[in-house]
**Student:** 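Handing you a structure now.
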Amino acid sequence: MTDSRRFKPYIWVSWITGLLAGSDVCEWRVWYKAHFRYAKRPSENEGDLNQWEIDHAHMVRTRVKKLEADGYRVSVEDQNSFKLEGSSGTTLGGKPDIVAVRNARAALVVDEKTGQQKMSDQWQVLVYLYALPKVGFLEAVDGEVEYRHGSVSIPGSLLVVPTKAKIVSTLQMAGSDMEPPRSPSAQECKFCDIAACPDRIVAETAVAQTTEF
Ligand code: SF4
């Protein structure tokens, strides 16, 4: 596959959450994904991914049953798919695992995570809280990230002006015509799937020696 430019920038929610959380720094990675359909590096974790899908589906099913028992009307995954287009032409796309509604105006959005707690997970839900009311879901949306052992509640009140501004500025950067610099690091490049990146770092950080300590 040859990389080809998209007609308009398109950003999937999870592409920006590492930048929002500060765990990622390579803006070019997000910018490139937003602007290009691209060839991906072969995944080394295909077996893990299959297991992840099984575990994740189980967590979603279990939580849906609990929410329905509590009187919620629940929609899952593809049913929750949204696209939000800004006036710049950039589109934000996403698909929350669970949206649960119990009255006419309020909803709970839940994302199920099989791994360790990460700030980027919470940012993912914050981006859903930002987008869902704009795409016709209910007015008041609260959020939650559920892990295998425990959950983190993300009330809609956390979506204060600076938080929204951070989300918007990250979307603006990713959708902009201005190409940001690449910021390669062994840790981040290891998990980046863009085959065409010319600056990928594959070696682990070299160990230097000193006699001072
Ligand atoms: S391989 Fe590294 S430098 Fe290249 S886009 Fe990915 S994270 Fe950035």
Side-chain angles (χ1 to χ4, degrees), residues 1-53 56 81-86 88-97 111-128 130-131 145 147 152 162-208:
M1 172 182 172
T2 309
D3 293 6
S4 59
R5 198 162 183 119
R6 297 180 190 275
F7 179 56
K8 289 181 183 179
Y10 178 80
I11 302 163
W12 187 248
V13 169
S14 60
W15 297 349
I16 60 171
T17 53
L19 289 179
L20 288 166
S23 53
D24 293 345
V25 295
C26 186
E27 293 186 344
W28 190 85
R29 180 178 59 82
V30 179
W31 180 89
Y32 194 81
K33 284 170 179 262
H35 286 78
F36 288 84
R37 297 180 195 282
Y38 62 95
K40 295 184 181 172
R41 296 169 73 220
S43 172
E44 295 166 9
N45 304 317
E46 205 160 306
D48 295 348
L49 283 176
N50 291 341
Q51 188 56 49
W52 173 86
E53 281 176 15
H56 182 260
S81 183
F82 69 83
K83 286 183 180 172
L84 174 64
E85 184 174 343
S88 64
T90 298
T91 297
L92 173 68
K95 194 166 64 172
D97 288 336
D111 226 58
E112 300 289 337
K113 297 292 182 194
T114 58
Q116 302 292 316
Q117 284 193 24
K118 291 184 296 195
M119 279 305 294
S120 57
D121 301 337
Q122 296 173 41
W123 273 102
Q124 184 170 345
V125 171
L126 281 166
V127 178
Y128 293 149
Y130 164 78
V145 186
Y147 297 93
V152 177
T163 307
K164 277 188 196 171
K166 194 168 172 179
I167 293 169
V168 169
S169 67
T170 303
L171 292 171
Q172 286 172 334
M173 178 283 297
S176 164
D177 288 339
M178 280 181 53
E179 185 173 343
R182 286 182 284 276
S183 307
S185 67
Q187 182 60 22
E188 202 170 331
C189 295
K190 187 173 166 184
F191 296 105
C192 176
D193 64 357
I194 301 173
C197 177
D199 289 338
R200 174 180 302 282
I201 289 181
V202 288
E204 294 295 327
T205 307
V207 180

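One-based numbering, in listed order, for ligands and for the atoms of each. Values reported hereafter were calculated over all heavy atoms of this structure, with side chains retained and with hydrogens, waters and symmetry mates removed.
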**Student:** Is it the side chain (CB and beyond), the backbone, both or neither of W28 that lies under 4.0 Å from ligand 1, heavy atoms counted?
**Tutor:** side chain
**Student:** How far apart are the closest heavy atoms of V25 and S183, and which atoms are they?
**Tutor:** O-OG, 3.8 Å
**Student:** Can you list the atoms of ligand 1 that are under 4.0 Å from a heavy atom of R200?
**Tutor:** 1 (S)
**Student:** Starting from atom 6 (Fe) of ligand 1, locate the nearest protein heavy atom and write down its residue, its atom name and how far away it is, to 0.1 Å.
**Tutor:** C192 SG, 2.4 Å
**Student:** Indicate yes or no: at least one non-hydrogen side-chain atom of W31 is less than 4.5 angstrom from one of W15.
**Tutor:** no
**Student:** Nearest 0.5 angstrom please: K166 NZ to L19 CG, how far?
**Tutor:** 9.5 Å
**Student:** When you look for heavy atoms under 4.0 Å from ligand 1, do you find them on the side chain of C189, its backbone, both, or neither?
**Tutor:** both
**Student:** For W28 and E179, does a side-chain donor sit closer than 3.5 Å to a side-chain acceptor?
**Tutor:** yes
**Student:** Would you check, one step at a time, whether the test side chain to side chain donor-acceptor pair (under 3.5 Å) holds for K164 with Y130?
**Tutor:** CA-CA 7 Å; K164 277 188 196 171; Y130 164 78; over 6 Å; no
**Student:** Which atoms of ligand 1 are found less than 4.0 Å from any heavy atom of C26?
**Tutor:** 3 (S), 5 (S), 7 (S), 8 (Fe)
**Student:** Which atom names give the shortest non-hydrogen contact between Y32 and A196, and what distance separates them?
**Tutor:** OH-CB, 4.1 Å
**Student:** Please list, in number order, the atoms of ligand 1 under 4.0 Å from a heavy atom of C197.
**Tutor:** 1 (S), 3 (S), 4 (Fe), 5 (S)
**Student:** Could you list which atoms of ligand 1 come closer than 4.0 Å to a heavy atom of P184?
**Tutor:** 3 (S)
